[in-house]
Undergrad: 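Below you'll find the structure I mean.
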Amino acid sequence: MGRVRVAITERAVAFQRGLEPACTRAGFTVDHPADVIAWSQSGGDRVAVITLMDAAACDLVEAASGAGASVVALLPEPSAQQFAHAIGHGAVAAIDWAADPEDIAAVIAAAVNRLSLLPTEVVRALTPRRYGGHGPPIDSMEADWLRALSRGQTVVELADEAGYSERSMFRRLHDLYEKLGVPNRDAAVREAERLGLLETGDEPHHRPVSLL
């Protein structure tokens with residue numbers, strides 16, 4: 001295995017000065033590429049460290065991951081939902097932006113070895129076992145929404161059919177995503193498929209769907 005290269009995309013100089021020596025001590029070569037995507041395509045073992053600040057950063061995580069790099073996401077406001085959001089966009093691991101540089105370097109080292117280091121409370125929050133082993137408490141109306149989303153129906157169309165405002169529909173879908181433990185629509189559809197919720201049913205609305 002060649003020398004592992006780590007791209008630090010965070011621009012804060014104080015942050016770089018802490019993480020760069022930690023990565024060097026771990027045996028990594030540190031880069032600060034202007035074009036992270038091109039850097040990710042260069043081959044070899046590469047880990048891009050990207051701060052998940054906004055939608056553009058989420059897109060960068062997806063692009064760098066698709067280009068061949070392992071991505072470790074830094075979370076300015078870490079929570080189970082944000083960890084899930086980062087993983088959903090293609091990061092192999094995530095960690096608090098304010099974590100000790102040595103801890104961040106340890107997460108990078110795990111990523112190189114195709115492992116993910118996640119806080120125990122995050123793992124517990126993300127596992128389906130939080131539903132008591134029987135799946136999330138999804139009612140039949142929510143299952144209908146998931147089936148509609150899988151067919152490409154828009155949130156506006158769902159809101160019109162359900163008699164909610166667009167804002168209310170977004171809020172209800174957000175709550176549904178949290179039930180499923182996923183960050184977004186695409187992940188919700190994948191999870192619904194895994195749970196067998198996309199099969200057509202004739203249960204009356206608001207009766208619990210059996211996931212046994």
Side-chain angles (χ1 to χ4, degrees), residues 1-127 174 177-178 181-188 190-191:
M1 180 184 294
R3 192 173 178 85
V4 175
R5 307 195 74 90
V6 174
I8 300 177
T9 64
E10 171 61 53
R11 295 183 178 181
V13 174
F15 182 92
Q16 293 178 12
R17 287 176 178 170
L19 183 56
E20 185 161 349
C23 287
T24 300
R25 287 191 293 272
F28 306 139
T29 296
V30 176
D31 298 323
H32 301 280
D35 186 341
V36 179
I37 309 307
W39 178 90
S40 299
Q41 294 172 328
S42 300
D45 288 305
R46 293 173 180 264
V47 180
V49 181
I50 300 173
T51 303
L52 215 60
M53 290 289 293
D54 49 28
C58 293
D59 291 342
L60 183 59
V61 169
E62 292 186 0
S65 177
S70 296
V71 177
V72 171
L74 302 177
L75 306 178
E77 297 180 3
S79 65
Q81 184 178 359
Q82 286 302 307
F83 273 88
H85 185 74
I87 301 301
H89 278 290
V92 298
I95 187 170
D96 187 347
W97 182 92
D100 187 276
E102 300 294 339
D103 291 337
I104 298 176
V107 170
I108 294 171
V112 172
N113 290 306
R114 307 296 188 266
L115 299 173
S116 292
L117 294 182
L118 294 172
T120 301
E121 61 271 20
V122 171
V123 174
R124 287 173 176 165
L126 297 181
T127 176
H174 174 77
Y177 300 160
E178 285 197 337
V182 298
N184 54 43
R185 170 184 180 144
D186 290 343
R190 290 194 297 270
E191 181 67 2

Undergrad: To check you understand the geometry: which heavy-atom pair defines the closest contact between Asp31 and Trp39, and what is its length?
TA: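 In terms of heavy atoms, the two residues are closest at OD2-NE1, 2.8 Å.
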Undergrad: Do the non-hydrogen side-chain atoms of Leu74 and Ile95 ever get within less than 4.5 Å of each other?
TA: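 Sidechains of Ile95 and Leu74: in contact.
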Undergrad: For Ala94 and Phe83, which heavy atoms make the closest approach, and how far apart are they?
TA: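 Closest approach of Ala94 to Phe83, heavy atoms only: O-CE2, 3.1 Å.
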Undergrad: Going by the side chain to side chain donor-acceptor pair (under 3.5 Å) test, which pairs reach into residues 85-97, not counting sequence neighbours?
TA: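 Output for this query lists Glu10-Trp97, Glu62-His89, His85-His89.
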Undergrad: So, taking the atom named CD1 in Ile50 and the one named SG in Cys58, what distance separates them when rounded to the nearest 0.5 Å?
TA: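 Reported value, rounded in 0.5 Å steps: 10.0 Å.
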Undergrad: Rounded to the nearest 0.5 Å, what separation is found between the CD1 atom of Ile37 and the OG atom of Ser65?
TA: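 Ile37 atom CD1 to Ser65 atom OG measures 10.0 Å (nearest 0.5 Å).
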Undergrad: Pro183 and Gly88: which non-hydrogen atoms are nearest, and at how many Å?
TA: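 Looks like CG-CA, 4.2 Å.
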Undergrad: Which pair of heavy atoms, one from Cys23 and one from Val30, lies closest together, and at what distance?
TA: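 For Cys23 versus Val30, the nearest heavy atoms are CB-CG2, 3.6 Å.
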Undergrad: Looking at every heavy atom in both Ala86 and Ala73, which two are closest together, and how far apart are they?
TA: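 Shortest heavy-atom contact: CB-CB, 3.8 Å.
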Undergrad: First locate atom CE of Met53, then atom OG1 of Thr9, and finally report the distance between them rounded to the nearest 0.5 Å.
TA: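 Interatomic distance, Met53 CE to Thr9 OG1, rounded to 0.5 Å: 11.0 Å.
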Undergrad: Quick check for you: to the nearest 0.5 Å, what is the distance between Arg190 atom CZ and Arg185 atom CZ?
TA: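 Reported value, rounded in 0.5 Å steps: 12.5 Å.
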Undergrad: With rounding to the nearest 0.5 Å, note down the distance linking CD1 in Ile108 to CD1 in Ile8.
TA: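 That separation rounds to 6.5 Å.
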Undergrad: With rounding to the nearest 0.5 angstrom, report the CZ to CZ distance, Arg3 to Phe28.
TA: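 So the gap between those two atoms works out to 9.5 Å.
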Undergrad: If you define the side chain from C-beta out and look only at heavy atoms, does anything of Thr51 sit under 4.5 Å from Pro76?
TA: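 Yes. Closest side-chain heavy atoms under 4.5 Å.
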Undergrad: Do Phe15 and Ile104 pass the side chain to side chain contact (heavy atoms under 4.5 Å, CB included) test, and can you show the C-alpha distance, the side-chain angles, and the key distance before you say yes or no?
TA: CA-CA 11 Å; Phe15 182 92; Ile104 298 176; 4.0 Å; yes
Undergrad: Take Val92 and Val71, measure what side chain to side chain contact (heavy atoms under 4.5 Å, CB included) needs, and give me the verdict at the end.
TA: CA-CA 6 Å; Val92 298; Val71 177; 5.7 Å; no
Undergrad: Just grab all the salt bridge (Lys or Arg N to Asp or Glu O under 4.0 Å) pairs involving residues 103-114, residues at least two apart or on different chains.
TA: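 Residue pairs with at least one partner in residues 103-114: Asp45-Arg114.
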Undergrad: If you look only at pairs with a residue in residues 13-25, which of them pass as a side chain to side chain donor-acceptor pair (under 3.5 Å), with sequence neighbours excluded?
TA: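 Counting only pairs at least two positions apart or across chains, the side chain to side chain donor-acceptor pair (under 3.5 Å) contacts touching residues 13-25 are Glu20-His32, Arg25-Glu102.
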Undergrad: Where is the tightest heavy-atom contact between Ala109 and Asn113, given as atom of each residue plus distance?
TA: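 In this case the closest contact between Ala109 and Asn113 is O-ND2, 3.1 Å.
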